[in-house]
Structures are given as C-alpha cells and as structure tokens.
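Data first, discussion second: the structure below is written as structure tokens.
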Amino acid sequence: MDVPAQDDGTSESRRKGPGKRSHAEAVPAPNAPCGACKFLRRKCISGCIFAPHFGSDKGAARFAAVHKVFGASNVSKLLLHIPPNRRHDAVVTISYEAQARLSDPVYGCVSTIIALQQQVASLQAELSVVQTQVMNSRYVMANAFHNSTQQQKNICYSNTSSASNNLISLHSFSPNFGEIHGEEEESNDPALAFANNIFQ
C-alpha cells in the first residue's frame, strides 16, 4: 500500500522559484508601539492619543503610574477635551500628580505644595528682615552725613565770625592810634608848642 507523500511546502517553493517570497514575508514589520499601548498590551493605531506623550522607551513606566491612579480611559477622555498645543503640559501635570499620589497616597502633591509654601513664607520673612536692616543702615549713614556736614558748616561760620571780629577791632583801633601819634608829635615839637602858646 502506497503512503501518500506529505507536502511540506518544498514543492510550492520550487514552483515559485528561489528568488520569490510569500506575501507575508514581504510586509514590513509595524512600528514599535508607544509606552501606553505597550503597557496595555494592545496595538498602537495611527493617531493614538498617547503616542506623542509616552514614548516606547520610558513611557510604559510613566503610564503605569498614570493608569494606576487615574485610569487610561479617563486620561484619554481628558486629553481629547484639551487643545493639542496644550496636551503636553497636561500630560506632564498628570504624570507628576500620579507619581506624587503613589509616593504619598493621603496628600499627594498637596504635601509638596505645602512644603513649598512654607519655604516661600520663610524666605519672605528673611527678606523682610534684610530689608529692615538695609533701611536702618541707610538711616544711620544719612544721619552721619548730615552731622558731618553740619559740623563743617559750623566750623566755617566760626572762622568767618572770628575774621570779621578781628577786622572790626583793627578798624576801631586805627583812628585812636593816629590821634595819639599826632598828639605825641605835637608835644615833642617845640616850635609848635611856642606857636600854640602865642595864639592861645
């Protein structure tokens, strides 16, 4: 009894020839899925809303936190209602909120906000103290400058007053000195004394 020969595909490949390939082998391999589709284990279709924001390298780890906190469907619906030019900022915010919520399940990013607000209040208090010190230093410097200027004015005024007094005393002394000198000359001259005796 003859056993039929099994067709292992070699006969058809011989008919096609060595240089020909099947249609399945000619189709190029599809592009790598984005991180979200890789995490969800689904095919990444053209126009995937997660593809521009979750890359194939580290996008899966980022999307895992987002999916665990918010859910993939909720995030996709949220991104559809946001303009395309602002979706990247929204994804960054959602990813940060998801990571904060996983780190602190009770407060999430609120704890970070409170810590930053406390730092701002502390820095504002330090700034107020420094501004007060600067104002006090300026006030002290202004007073010192005003006092030094006033002292210089007083010195100049006292010098001017003493010079004026000396000049006045010289003017008052000069006429008397002339009269006394004239009287001494008249008394010492015998001719003048004789003439005075005659006319008296």
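What you find for Ala36 and Phe50 is that their closest heavy atoms are CB-CB, 3.5 Å. In terms of heavy-atom proximity, Cys44 sits nearest to Ala51 at SG-CB, 4.4 Å. Taking every heavy atom of both residues into account, Ala65 and Gln99 meet most closely at CB-NE2, 3.4 Å. Across Gly59 and Phe54, no two heavy atoms sit closer than the pair O-CD2, 3.7 Å.
Under the side chain to side chain contact (heavy atoms under 4.5 Å, CB included) criterion, Leu116 pairs with Thr112, Gln119, sequence neighbours left out. Taking the side chain to side chain contact (heavy atoms under 4.5 Å, CB included) definition, one finds that Thr149 meets it with Phe145, Lys153, sequence neighbours left out. For Glu126, the side chain to side chain contact (heavy atoms under 4.5 Å, CB included) criterion is met by Ser122, Leu123, not counting sequence neighbours. Residues passing the side chain to side chain contact (heavy atoms under 4.5 Å, CB included) test with Val110 are Tyr107, Ile114, sequence neighbours excluded.
Here the OG1-NE2 distance, from Thr93 to His88, works out to 9.5 Å after rounding to the nearest 0.5 Å. Taking CD of Gln124 as the reference point, atom CD of Gln131 lies at 10.0 Å (rounded to 0.5 Å).
Contacts classified as salt bridge (Lys or Arg N to Asp or Glu O under 4.0 Å) and involving residues 98-124 (residues at least two apart or in different chains) are given here: Glu97-Arg101.
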With a cut-off of 3.5 Å and sequence neighbours excluded, list every side-chain donor-acceptor pair involving residues 72-86.
from  : atom 1 : to    : atom 2 : distance (Å)
Asn74 : ND2    : Phe70 : O      : 2.8
Ser76 : OG     : Ala72 : O      : 3.3
Ser76 : OG     : Ser73 : O      : 2.7
His81 : ND1    : Lys77 : O      : 2.7

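Residues Val92 and His53 form no side-chain contact, since every pair of their non-hydrogen atoms from C-beta on lies 4.5 Å or further apart. Contact of the Leu40 side chain with the Phe63 side chain is registered, since non-hydrogen atoms from C-beta on lie closer than 4.5 Å.
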Q.
Working note: Val91 + Arg62, criterion side-chain contact (heavy atoms from CB on, under 4.5 Å); need CA distance, chi angles, decisive distance, verdict.
A. CA-CA 10 Å; Val91 170; Arg62 290 175 55 199; 3.9 Å; yes
